[in-house]
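Notes follow the structure.
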Amino acid sequence: MTSKDQKVLIIGTGTFGASTAYHLAKRGYTNVTCIDKWPYPSLDSAGYDINKIIRTEYDEPLYAEMALEAIQAWRDPMYTDIFHETGWILTTLGDPKAVTHLQKSYENLKNKGQAHNIDFVAGKDEITRHVPQLKNARDIDNWKGLWNKQAGWAHAANAIKKVADEAKAMGVTFISGAAGEMVALETSGDRVTGIKVRSGDVYAAEKYVLSTGAASPALLPELSTQLWSKCWTYGLLELTEEEAAQFKDMPVVLNHELGFFFEPSTEGRLIKICNEFPGYQWKQGTYTDEAGKGHKYSIPRYASEYPQDGIPKEAMDAIKNFISTVIPQFEGREIKGAKVCWCTDSPDAHYLIDTHPKYPGGELLLATGDSGHAFKMLPIIGKYIANALEGNFKPEWKYGNRKHLDSGRPGDEVKDLADVGIGERQARL
Ligand code: FSA
């Protein structure tokens with residue numbers, strides 16, 4: 001039996017943390033506190049973003065099912081003006097792993113009775129039938145894939161804010177600033193006794209949920225055996241009012257090899273363009289294992305801490321290449337903002353939602369390991385985390401020796417920011 005008045009401390013108000021706060025409160029938990037260095041939505045969270053893809057294509061049935069549950073939840077009036085069900089095209093130039101991903105994803109949706117939303121597309125004519133905004137594209141005749149009308153995007157930062165606002169209205173306490181920034185785990189023997197924050201305070205609770213995303217291995221270095229934090233890059237293009245009107249309601253456009261982009265934001269008329277690659281690491285963390293051997297591992301280099309950072313030149317070039325190929329009418333236009341976004345990969349791309357094995361009492365729950373595909377689950381992931389807190393775990397999300405599986409991303413080298421360079425600061429919009 002789980003007592004609903006036990007004290008639960010959630011560390012991190014990004015996607016996992018905010019959703020957990022919301023679902024615990026909905027379940028009737030009365031003593032939930034959520035801490036973060038930043039007021040919600042946490043500035044360092046991957047979800048602190050103007051948009052994220054909401055899709056249901058997964059080659060892994062577990063996530064196909066969860067993504068279908070999530071998209072249903074995104075349609076709730078709670079997310080009006082936040083979730084935009086524009087549809088999307090998911091295409092490839094022919095990378096065999098992308099082709100397999102597409103086929104398996106289609107099969108999974110078909111098995112769940114969702115194939116009627118899907119059309120196969122190949123070449124410019126079929127693509128522009130669904131996405132007329134690509135009429136100027138120069139080189140998309142070799143794109144092949146599918147159109148799914150059951151997909152779109154969400155204003156990610158506003159979505160996290162909404163979920164956290166609702167949690168707050170149900171009684172969750174949110175703490176930010178020095179009093180919200182975790183600096184250490186306090187332990188006694190094999191028990192967790194509290195979370196120490198920057199201000200010097202220590203918060204004791206009955207249960208702790210570590211939902212600190214890419215910062216998780218930086219906070220608990222032993223997690224670097226489970227997680228690999230990496231960042232991805234994006235650029236922003238500013239459109240005129242007339243251009244923005246043409247791109248309004250455009251489906252999300254993704255090409256596996258090149259990247260993806262979204263319709264312009266309502267505030268500022270910004271088109272976000274992401275290039276696709278295996279991610280960058282920043283191997284500045286050190287971990288000494290039980291045998292006394294030292295290891296270097298990747299930790300996040302957040303823009304909030306390094307405001308002068310831009311993105312590596314090669315990433316900027318890839319974004320410009322995307323523009324020249326897909327929306328050449330904007331070729332040469334200044335990229336108005338460019339930033340990195342930090343995620344944390346597990347070896348097999350399954351989330352990590354399990355108790356920390358060092359603390360057999362089970363008081364520390366790890367809720368991290370987004371593996372670059374968690375934001376879409378915002379409306380529902382907290383339910384699964386709350387289940388774990390109550391002792392119901394999914395075997396896929398266990399701590400331990402996971403098999404390394406190909407990430408499915410194009411390319412195979414995870415370069416270090418220290419080697420590729422961090423680029424120059426862009427105007428931040
Ligand atoms: O689940 C999704 O649709 C996320 S795709 C966004 C992305 O930038 C990936 O393309 C990238 O490979 C990495 O996983 C971060 O997220």
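Order of appearance sets the numbers: ligands from 1, and atoms from 1 within every ligand. Residue numbers run from 1 in the order of the sequence given.
For atom 6 (C) of ligand 1, the candidate residues are W232, F277, F260, Y58; the nearest heavy-atom contact is made by F260.
Given atom 11 (C) of ligand 1, the protein heavy atom at minimum distance is E276 OE1, 3.5 Å. Taking atom 4 (C) of ligand 1 as the reference point, the nearest protein heavy-atom neighbour is G372 O, 3.3 Å. For atom 14 (O) of ligand 1, the closest non-hydrogen atom of the protein is R409 NH2, 3.0 Å.
Defined by atom type and a distance below 3.5 Å, a donor-acceptor pair is missing between the side-chain atoms of D44 and W342.
Using a 4.0 Å cut-off between heavy atoms, K376 contacts ligand 1 through its side chain alone, with no backbone atom that close.
Of the possible polar contacts, one joining the K272 side chain to the N51 backbone as a donor-acceptor pair under 3.5 Å is found. A donor-acceptor pair under 3.5 Å links the side-chain atoms of K97 to the main chain of R409, judged by distance alone. With hydrogens and angles ignored, the 3.5 Å screen pairs no side-chain donor or acceptor of R55 with any backbone N or O of A151. In terms of modelled atom types and a separation under 3.5 Å, the side chain of S298 and the main chain of W282 share a donor-acceptor contact.
Here is the list of ligand 1 atoms found below 4.0 Å of a heavy atom in R55: 1 (O), 2 (C), 3 (O).
Where the criterion is an N or O separation shorter than 3.5 Å, residue side chain and backbone included, H373 fails it with respect to ligand 1.
Using a 4.0 Å cut-off between charged nitrogen and carboxylate oxygen, R129 and D119 do not count as a salt-bridge pair.
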